Each structure stands twice: as structure tokens, then as C-alpha cells.
Amino acid sequence: MKKVFVQGAIPPEKIAQSVANHQSKTNIGAHSIFLGQIRADVVEGKTVAAIEYTAYEEMAEKVFHEIREAAFSKFDITCAHIYHSLGTVKTGELCLFVFTSSAHRKIAIEATKYFVEEIKSKVPVFGKEIFEDETHQWKVNK
């Protein structure tokens, strides 16, 4: 099983390096990338400053692995990478990075969408919204 979690925000350099690492794979014709970024939502008059992510890592990694395996059987993708933050991620920073590759763009795009929807609905990762006034509430995905 591949490790998915990274401590804190996902650095933009990690994304650039992932793309660069695939340049030698000449059977790839398309990459699709999804980047989840923390928004400064206003909830009941309070502005989100950060989200603190927690998870039961062993269980969550297993679900990520199951989603990854299902995607490889469903789509003709060459590779897929998922990175999700743990710990505190400030507004404007990246918390989710999904990267798929395939011979053709339509497959890569559809696979990326599949990954994101499955992650949001199935993976037990919990986000605590930290407001500018340092109060907090547990985030509910819509």
C-alpha cells in the first residue's frame, strides 16, 4: 500500500516533482490533477483560518488503497498518486493532491474525478475548521 498522508500542507514543489518524474514514461499522453485548497469560508460570521485534519491512519490508508485498486480496474490508467494532509493546513494552502496518468486525456480526467468523489464520500478523514478567533467546529462535507 502506498502512503497517502503528509504532515501539514502539500508543497507545490511536490506537485511539480510528480509531473517531472513522469516525463520519462513515454506511454503516457495525459495527466489529470486535482488540487484541494483550504478556503476562507465564513460560517455564522466567523472566517475559517485553517483546517486541522485527523484520521485513524491505518483504516484510512486501507480505504485509500481500496479506492486506488478499484480505479485501476475501472479505468485504463498508467499511474495514480494521492496525497492528503494531516495536521493543520492554513487557508490558501493545499490539502489534497490527486494525480492520474493515462494514454488519453478523457480517461485521466474521468479517473481523477472518480478518485476525488470516492475520497470525499468514503475515507475517514476528519477536518476541524479553526476560525480566526481561534474557536473551532468539525467540518461537514457537502
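No experiment lies behind these values; they were computed from the predicted model shown. Position 1 is the first residue of the sequence; numbering continues from there.
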Of all heavy-atom pairs between [X] and [Y], which one has the smallest distance, and what is that distance?
X     : Y      : result
Cys95 : Ile38  : SG-CD1, 3.6 Å
Lys14 : Phe97  : O-CE2, 4.3 Å
Thr91 : Arg39  : CG2-O, 3.6 Å
Ala55 : Pro124 : CB-O, 3.6 Å
Ile51 : Gly127 : CG2-CA, 3.7 Å

About how many Å separate [atom2] of [Y] and [atom1] of [X], when rounded to the nearest 0.5 Å?
X     : Y      : atom1 : atom2 : result
Cys79 : Ile28  : SG    : CD1   : 4.0 Å
Ile77 : Ser101 : CD1   : OG    : 8.5 Å
Thr88 : Glu52  : OG1   : CD    : 4.5 Å
Glu66 : Glu118 : CD    : CD    : 10.5 Å

Check whether any side-chain N or O of [X] sits under 3.5 Å from a backbone N or O of [Y] as a donor-acceptor pair, and report yes or no.
X      : Y      : value
Glu61  : Val4   : yes
Glu93  : Lys90  : yes
Asp133 : Thr135 : yes
Arg68  : Ala80  : yes

Is there a side-chain contact between [X] and [Y], using heavy atoms and a 4.5 Å cut-off?
X      : Y      : result
Leu35  : Leu96  : no
Asp76  : Ser102 : no
Val98  : Ile33  : no
Val123 : Val63  : yes
Ile119 : Ile82  : yes
Leu86  : Glu57  : yes
Asn27  : Thr78  : yes
Val43  : Gln137 : yes

### Single-linkage hydrophobic cluster, 4.5 Å side-chain cutoff, Leu94 and Tyr83 together
yes
### Message
Count I, L, V, M, F, W, Y as connected when their side-chain heavy atoms are under 4.5 Å apart, and connections chain through other members. Are Val125 and Val6 then in the same cluster?
### Response
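Per the 4.5 Å side-chain linkage, Val125 and Val6 are not co-clustered.
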### Task
Give a yes or no on this: more than 12 heavy atoms of other residues, nucleotides or ligands lie within 6.0 Å of atom NZ of Lys128.
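For Lys128, atom NZ is crowded (more than 12 foreign heavy atoms under 6.0 Å).
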### Query
If you look only at pairs with a residue in residues 118-140, which of them pass as a ring-ring contact (aromatic ring centres under 6.0 Å, His included), with sequence neighbours excluded?
none
### Task
Enumerate the residue pairs fulfilling ring-ring contact (aromatic ring centres under 6.0 Å, His included) with a member in residues 11-70, sequence neighbours excluded, ordered by first and then second residue.
Phe5-Phe64, His22-His31, His22-His81, His22-Phe99, His31-Phe99, Tyr53-His84
Which residues pass the side chain to side chain contact (heavy atoms under 4.5 Å, CB included) test with [X], sequence neighbours left out?
X      : value
Gln17  : Ala20, Asn21
Ser32  : Thr100, Ala108, Ile109, Thr112
Ala103 : none

### Message
Run the ring-ring contact (aromatic ring centres under 6.0 Å, His included) test against Phe115 and tell me which residues pass, sequence neighbours left out.
### Response
none
### Message
Under the criterion salt bridge (Lys or Arg N to Asp or Glu O under 4.0 Å), I'd like the reasoning laid out for Glu117 against Lys113: C-alpha separation, chi angles, the key distance, then a yes or no.
### Response
CA-CA 6 Å; Glu117 297 306 321; Lys113 182 178 179 186; over 6 Å; no
